[in-house]
Amino acid sequence: MALPAGEGVVSYNAAISRCARAGLYARALALFREMRGRGLRADEYTLPPLLNSAALMRGPPPAAVAALHALLLHAGLALHLHVANALVDAYARLPRAGCAAAAAARAVFDEMPRRDVVTWTSLLTGLARAGAHAAAVRAYHGMVAAGVQPDEFAVAAVLSSCAGSTMLDVGRSVHATAVRLGLGPFRSVGNSLVSMYAKTGALRDARAVFDAMPARCTITWTALIVGYAQNGRGRRSLEVYADMVRSGCRPDYVTFIGLLFACSHAGLVDAGRAHFRSMVADYGIAPGPDHYACMVDLLGRAGRLDEAMDLLNRSSTELDATVWKSLLGACRVHRNAELAERAAEMVWRLDPTDAVPYVMLSNLYSRARRWGDVARIRALMKARGVTKEPGCSWVGVNGVTHLFHVEDRGHPRAAEIYRKVEEMTERIRGEGYVPDTDWALQDEAPEGRQRGLAYHSERLAVAFGLLAVPAAAPIRVFKNLRVCGDCHTAIKMVAKVYGREIILRDANCFHHMKGGECSCGDYW
DNA sequence: ATAGGGTTAG
């Protein structure tokens, strides 16, 4: 690994850069140590690939980036734009370091005397990576306000955050800006537009962008396949896949996740099995945990829990928590408490603080009216100090997001909204709606349970949508968790009775509700 | 010789 004696800084820089590009991060850092041992000083070409390596290294000593930071301050390289940009990016990339690293990235960013589009994009993607999509969108606006013109990298990144935070209106305006700046022809921009429109439920726009793209790649096709699947149009996903293959574009690992996801959501069991086999046989792609998770969904949906278990037992890859959570979901639908307990154990073995299994088990027992077991799960959750994310729903009207929690009275129009909820309940009762109180929390009195159901966050958001969204437009509601079964039934009926299209996107999938039907086919 | 992006997805 050593370079011949007598090599200079330029040779080391080139070697370090090659290692970093090839993903040999530890080796890049080792070369740097060797270089310093020979009395050579790092310059502005040495540091960017080093910072990159330090941030991306597997199981990194978290101090590596900070140590390089100290070193570059000493070397007087802090004001070099490429170096500072790499530093912002490195801090923003540190895995699991969370707030501290984000704050460090921000601090470096704030102290830079000059920032270009790369600086802003590094900050933006760092925020997006941490799941702070709304903050990423704010960073984009900050960049524009600072007079820095977005390029195709920045636009692609912010569109991805628009999708992540379901900001369709902002996404549309970024789209317009991109076209104005002449960025429309970039494939990355088209790809992120297709995905953004699909993820915010605007399928027609996704398709229009796709059709207008001058050139497509695997990512483009995959985005559309996933887009249709997420919106309950799994059969259409399969048609798109057929077109993709016909066009000569090769599907990859991600494409098959989307394709299996589509089969699962559309209940196409045979097609799913066939594509799973084809992935290996025709494309030589080894199935990963994501593919197994899709297959478990698919088989679970068909009630074939045994076949799902069989597939998992024969798998050659290491299975992760998502697989066991899929199995839990299937158990939830088929009310198989025994297998669910085993799946929950598998999740907890990997992460005992994951709230999902507790909630799923609790709901499952609740539906089975096994209150003792519900109490046991809750006690376990409490003892282990696990808290679940509070459920909330939101709806965007005229660019303003209105957020609701359960029994939330904080909205300025709360009185009106609650009257609307009462009216909704009355009108759907007339259509035969009966509250399914098994979905309510069990520690409430029966009448309290019904009341609690009526004021779930998704109902409040729909009621507000009925009040505030023009009659011709669909009501787009988003929920951070899975929609409750009773709300699903109720909102479907609301869509019918009020003659409205309601698009509810929950943590798992889209629900396009119209005329009493839902695109999810009542399986989610 | 150096810095940032787009497709999974819970």
Heavy atoms under 4.0 Å, any strand shown: does A/Asp290 hit a base, just sugar-phosphate, or nothing?
base
Hey, does the Lys NZ or Arg CZ of A/Arg115 hover above the aromatic six-ring of A/Phe109, less than 6.0 Å from the centre and inside 45° of the axis?
yes
Please classify the nucleic acid contact of A/Arg21 as base, sugar-phosphate, or nothing, using heavy-atom distances under 4.0 Å.
sugar-phosphate
Note: A/Arg172-A/Asp169 ion pair, threshold 4.0 Å (strictly below)
no
Checking all strands, does A/Arg187 fall into the base, sugar-phosphate, or nothing category for heavy-atom contacts under 4.0 angstrom?
base
Between A/Trp394 and A/Phe478, what is the ring plane arrangement, given parallel below 30°, perpendicular above 60°, and tilted in between?
parallel
Touch check for A/Val117, heavy atoms < 4.0 angstrom, all strands: base, sugar-phosphate only, or nothing?
base
The side chain of A/Val254 lies closest to which of these nucleotides: B/dG4, B/dT8, B/dA3?
B/dT8
Check for a donor-acceptor pair, side chain of A/Arg332 on one end and backbone N or O of A/Asn363 on the other, with a separation under 3.5 Å.
no
Should the pair A/Arg342-A/Glu345 be classified as a salt bridge under the 4.0 Å nitrogen-to-oxygen rule?
no
Checking B/dA3, B/dT8, B/dA1 against the side chain of A/Asp43 (C-beta onward), the nearest is B/dA1
Separation of B/dA9 C1' from A/Asn231 CG (nearest whole Å):
15 Å
Whole angstrom value for the distance that separates C1' of B/dT7 from CZ of A/Phe153
16 Å
Can you check the A/Met35 CE to B/dT2 P distance for me, whole Å?
15 Å
Within 45° of the axis and under 6.0 Å from the centre of the six-membered ring of A/Trp348, does NZ or CZ of A/Arg384 qualify?
yes
Between B/dA9 (P) and A/Ile219 (CD1): distance, integer Å:
14 Å
What's the CZ-P distance between A/Phe32 and B/dT2, to the nearest Å?
18 Å
OP1 or OP2 of B/dA3 versus the side-chain N and O atoms of A/Thr119: is any pair under 4.0 Å?
no
What is the distance, rounded to the nearest whole Å, between atom OH of A/Tyr241 and atom P of B/dT8?
17 Å
Hey, does the side chain of A/Lys199 come within less than 4.0 Å of B/dT7's phosphate (OP1/OP2), counting only N and O?
no
Select one nucleotide: of B/dA3, B/dT7, B/dA1, the one nearest the side-chain heavy atoms of A/Ser17.
B/dA1
Whole-Å distance separating the CG atom of A/Leu224 from the C1' atom of B/dG6
15 Å
From B/dT8, B/dG6, B/dA3, nucleotide with atom closest to A/Ser192 side chain
B/dG6
Counting only side-chain heavy atoms from C-beta out, which of B/dA1, B/dA3, B/dT8 sits nearest to A/Tyr45?
B/dA1
Among B/dT7, B/dT2, B/dG10, which nucleotide sits nearest the side chain of A/Phe261?
B/dG10
Between B/dA1 (C1') and A/Glu7 (CD): distance, integer Å
14 Å
Mind checking A/Arg115 for me? I need base, sugar-phosphate or nothing, with any heavy atom below 4.0 Å counting as a touch.
nothing
side-chain N/O A/Asn52 vs B/dG4 OP1/OP2, d < 4.0 Å:
yes
Between the base of B/dG10 and the side chain of A/Asp354, is there a donor and acceptor pair under 3.5 angstrom?
no
Which part of the nucleic acid does A/Ala507 contact within heavy-atom distance under 4.0 Å: base, sugar-phosphate only, or nothing?
sugar-phosphate
